[in-house]
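Step one of this worksheet: look at the structure below.
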Amino acid sequence: MSATLPTENITRGQNGSGKLTPCPVFIGGEWQEIDGGPGYPVHNPSTGEVIAEAPACNAEHVNAAVEAAAAAYPGWWETPPVERARVFFRFKMLLEENFEELVRLNTREHGKTLVESRGDVRRGIEMVEFACGIPSLLMGETIENIARGIDCEAIRQPLGVCVGITPFNFPAMVPLWMYPVALVCGNTFVLKPSEKVPLTAIRVGRLLEEAGIPKGVFNIVHGGRECVEALLTHPKVRAISFVGSTPIAKYIYETGTRHNKRVQANGGAKNFVFLMPDADVENSTRGVVEGAFGCAGERCMASSTAVVIGAAAKEVLPALVAAARAIKVGPTDRDEQPNMGPVITRQHRDRVMELINAGEKEGAKVVSDGRGASKSDGGFFLGATILDEVRSGMAVANEEIFGPVLNVMRMEDLDSAIEMVNRSPYGNGASIFTRSGKAAREFKHRIKAGMVGINIGVPASMAWFPFNGWDDSFFGDLHMQGREGVQFFTQLKVVTSRWFSYGEGSIWSDR
């Protein structure tokens with residue numbers, strides 16, 4: 001038996017009664033343990049063990065955090081962008097120094113493999129690297145003599161108090177999509193991480209404190225609906241960033257905008273990967289399997305549906321089934337690592353299994369069956385599953401499964417496949433595996449998705465480009481990441497100026 005990963009720095013331990021000490025909030029520069037009533041259990045998905053408890057913050061706790069952020073805003077706004085960037089240079093250095101600790105903490109509370117957690121933390125650090133360039137990103141525009149003796153300039157200024165509400169599937173990366181850019185732009189911030197995975201967010205917050213972020217500029221609260229509602233409706237909150245399911249994203253957008261807030265809300269997806277008859281079997285199989293089953297399928301960019309075109313099924317499908325059956329599933333909280341870890345909770349595992357069962361009843365063929373892995377004791381395991389002959393209208397074709405399940409849909413040609421996919425209400429990602437430049441160009445031009453991959457399994461954009469969901473995968477106008485992120489967290493001010501000579505234009509002048 002391999003050794004279990006160390007648990008230092010994961011929680012504050014247990015109190016004298018043997019109960020788990022609640023995860024602290026961070027308000028006004030102070031870490032506090034609060035009594036918000038019954039909290040939310042934080043599990044180690046590899047064992048089912050409860051390792052911490054997230055408190056249920058109420059409107060009073062939220063108000064304290066927002067007021068602290070509002071009080072800190074004037075001083076942080078007046079801090080030169082170069083100085084704000086220096087805080088994040090130090091923050092980036094601390095993230096690198098504590099990289100493996102963050103990776104193992106991420107794995108312990110989420111269930112990702114260590115390799116996947118390294119990717120999670122690394123992508124978050126890349127957002128911090130992007131944010132460190134804020135002096136250049138905030139540069140405005142100017143025209144001299146736009147009219148005789150008149151100059152015009154456009155400058156970007158921060159909004160005020162901003163909020164981030166994040167999901168469970170990327171405990172490090174998704175929060176870092178939000179607050180580094182918001183803060184370097186001069187805003188203050190309140191983060192509400194998922195109550196299922198608060199530990200990584202807390203540890204990263206401690207590193208930001210160590211980097212020198214002033215008191216009140218960055219705050220953390222925890223909780224469920226009451227906490228979220230208080231953030232959405234607080235009169236001093238100016239902007240809200242959210243990542244989660246489509247129904248909740250739509251609700252966040254509608255509620256936030258109704259209360260006069262700027263909102264960017266990333267929702268769910270059904271991402272399609274096309275396999276053309278000329279696709280390289282080895283590379284396309286690897287890309288589809290990694291896209292479908294990486295992070296146990298719990299990501300909004302998962303390649304959840306393989307669209308097999310014409311004769312591709314004969315070559316590629318057997319390779320996909322063999323690769324899925326070879327995936328080793330097991331606990332990730334130890335040195336010996338599997339290929340895939342557990343899903344986040346027992347309830348989520350059971351929901352995914354219900355969808356597999358529903359697909360089978362509706363006529364899909366289970367050609368790789370991972371349901372047997374759920375019999376493992378303790379952890380929340382489900383093996384890699386492939387459903388062949390999935391058709392439009394089936395529950396598995398319509399719903400975001402968010403688990404290690406790959407649908408296979410068979411189509412005769414590229415045109416009919418594109419038309420079918422473009423009827424989906426979602427628009428996050430779509431990819432194609434082919435050797436044909438003509439097919440790739442046709443796909444790139446016509447497919448209805450904000451992020452497109454050519455011989456790439458997961459076409460998720462990196463920090464320097466927007467995470468560019470379309471349609472029901474995104475609600476708002478300005479996306480996270482890249483220059484759009486800077487635009488979201490700032491407002492444009494246009495200044496038109498003219499300067500007179502001494503006395504010119506004065507009614508008291510005798511000239």
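Throughout, residue positions are numbered sequentially from 1 according to the sequence presented.
Under a 4.0 Å N-O distance rule, the pair K92/E126 does not qualify as a salt bridge. Comment: E210 does not engage R206 in a salt bridge, judged by the lack of any side-chain N to carboxylate O separation of less than 4.0 angstrom. Ion pairing between a basic and an acidic side chain is recognised when a charged N comes within 4.0 Å of a carboxylate O; E100 and R118 show such pairing. The pair E78-R84 does not meet the salt-bridge criterion, since no charged nitrogen lies less than 4.0 angstrom from a carboxylate oxygen. Note on E336 versus K328: salt bridge recorded, some NZ/NE/NH1/NH2 to OD/OE distance being below 4.0 Å. At a threshold of 4.0 Å, the pair E141-R156 does not count as salt-bridged, since none of the basic side-chain nitrogens sits closer than that to a carboxylate oxygen. Ion pairing of K215 with E30 is present here, as a side-chain N (NZ or NE/NH1/NH2) and a carboxylate O approach within less than 4.0 Å. Between R203 and E101, at least one side-chain nitrogen of the basic residue sits less than 4.0 Å from a carboxylate oxygen of the acidic one, meeting the salt-bridge criterion.
Just one of V103, T332, L102 meets the side-chain contact (heavy atoms from CB on, under 4.5 Å) condition when paired with S117; it is V103. Partner of T490 under the side-chain contact (heavy atoms from CB on, under 4.5 Å) criterion, chosen from L138, V181, L159: L138.
Considering all non-hydrogen atoms of both residues, A69 and F189 come closest at CB-N, 4.4 Å. In this structure, V128 and L95 approach most closely via the heavy-atom pair CG2-CD1, 3.9 Å. For the pair I34 and P55, the tightest heavy-atom approach, listed with the atom from each and the gap, is CG1-CB, 3.9 Å.
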Practice task
Check the pair E209, W31 against side chain to side chain donor-acceptor pair (under 3.5 Å), reporting the backbone distance first and the verdict last.
Solution key: CA-CA 10 Å; E209 179 189 26; W31 293 97; 2.8 Å; yes
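For residues 203-238, the set of pairs meeting the ring-ring contact (aromatic ring centres under 6.0 Å, His included) definition, not counting sequence neighbours, comprises Y179-F218.
Cation-pi geometry between K112 and F170 is satisfied (NZ or CZ under 6.0 Å from the ring centre, within 45° of the ring normal).
In this view, E226 satisfies the salt bridge (charged side-chain N to carboxylate O under 4.0 Å, His left out) rule with no residue, not counting sequence neighbours.
Relative ring orientation between F402 and F168 is described as perpendicular, the plane-to-plane angle rising above 60° on a 0-90° scale split at 30° and 60°. Relative ring orientation between Y73 and W77 is described as parallel, the plane-to-plane angle staying below 30° on a 0-90° scale split at 30° and 60°.
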